[in-house]
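Reminder, nothing fancy here: chain letters follow the sequence lines and each chain counts from 1.
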Amino acid sequence: MAKRYWLFKTEPDVFSITDLKKSPKQTTCWEGVRNYQARNMLRDDIQVGDGVLFYHSREKPMNVAGTATVVKAGYPDKYQFDPKSKYYDEKASKESPRWFLVDIKLDKMFKNPVTLDEMRTMKGLDDMVLLRKGSRLSIQPVSAGEWKIVCKKGG
DNA sequence: GCCAACGTTGGC
DNA sequence: GCCAACGTTGGC
């Protein structure tokens, strides 16, 4: 399957790209996604080798801070089975897990993080899911063209 | 299966 | 911190 591209949102005070850099092997599992649309993408669509734009939300200025690569495709999120976790879901079972996650590895930290305002003014990003009004998905598809434009700008 | 109420997200 | 947009829940 052809390589695809995605955008993962995170709040930097919860997990930033610097945290990813400091992680063992600069790899982390992307746990805690509890939205069905995002779940479907994690489970069905995101493949090893796919590119990820690492987006910081709720930070000033909001920005794409760098890129990552998917190193492990969709598998059940173990936190859904852990009653102590805030991600616990009593309706999930190991036989039919409800929530999935992938592992990603840091690729590049952008020299110049690309801010939301900049992306609004850049050519070729008009259809980007992130820029659509009311777009709240924490995992979004990104086109190859959008990927190229953002990476080029980021350095 | 509809939809009002409620909770959360996230840009501002 | 506010609040519009959106997703989920639960009563009917």
Taking atom [atom2] of [N] as reference, at what distance in whole Å does atom [atom1] of [X] sit?
X	N	atom1	atom2	result
A:M119	B:dG11	CE	C1'	13 Å
A:R98	C:dT8	CZ	C1'	11 Å
A:R132	C:dC6	CZ	C1'	15 Å
A:Q37	C:dA5	CD	P	18 Å
A:R34	C:dT8	CZ	C1'	15 Å
A:R136	C:dA5	CZ	P	11 Å
A:K86	B:dT8	NZ	C1'	12 Å
A:Y36	B:dT9	OH	C1'	18 Å

A:Y55 vs B:dG11: side-chain N/O to OP1/OP2 distance below 4.0 Å: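 The answer is yes; a side-chain N or O of A:Y55 sits under 4.0 Å from OP1 or OP2.
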B:dG11 phosphate, OP1 or OP2, under 4.0 Å from A:R120 side-chain N/O: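 Negative; the distance criterion is not met.
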Stacked cation flag A:K72 on A:Y75, 6.0 angstrom / 45 deg: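 Yes, a cation-pi geometry holds between A:K72 and A:Y75.
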pair A:L7-A:I139: side-chain heavy atoms closer than 4.5 Å: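 Result no, sub-4.5 Å side-chain heavy-atom pair not found.
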Between A:W99 and A:Y87, ring centroids under 6.0 Å: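 No; A:Y87 has its ring centre 6.0 Å or more from that of A:W99.
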More than 12 heavy atoms from other groups under 6.0 Å of NZ on A:K78: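 Check fails, neighbour count at 12 or below.
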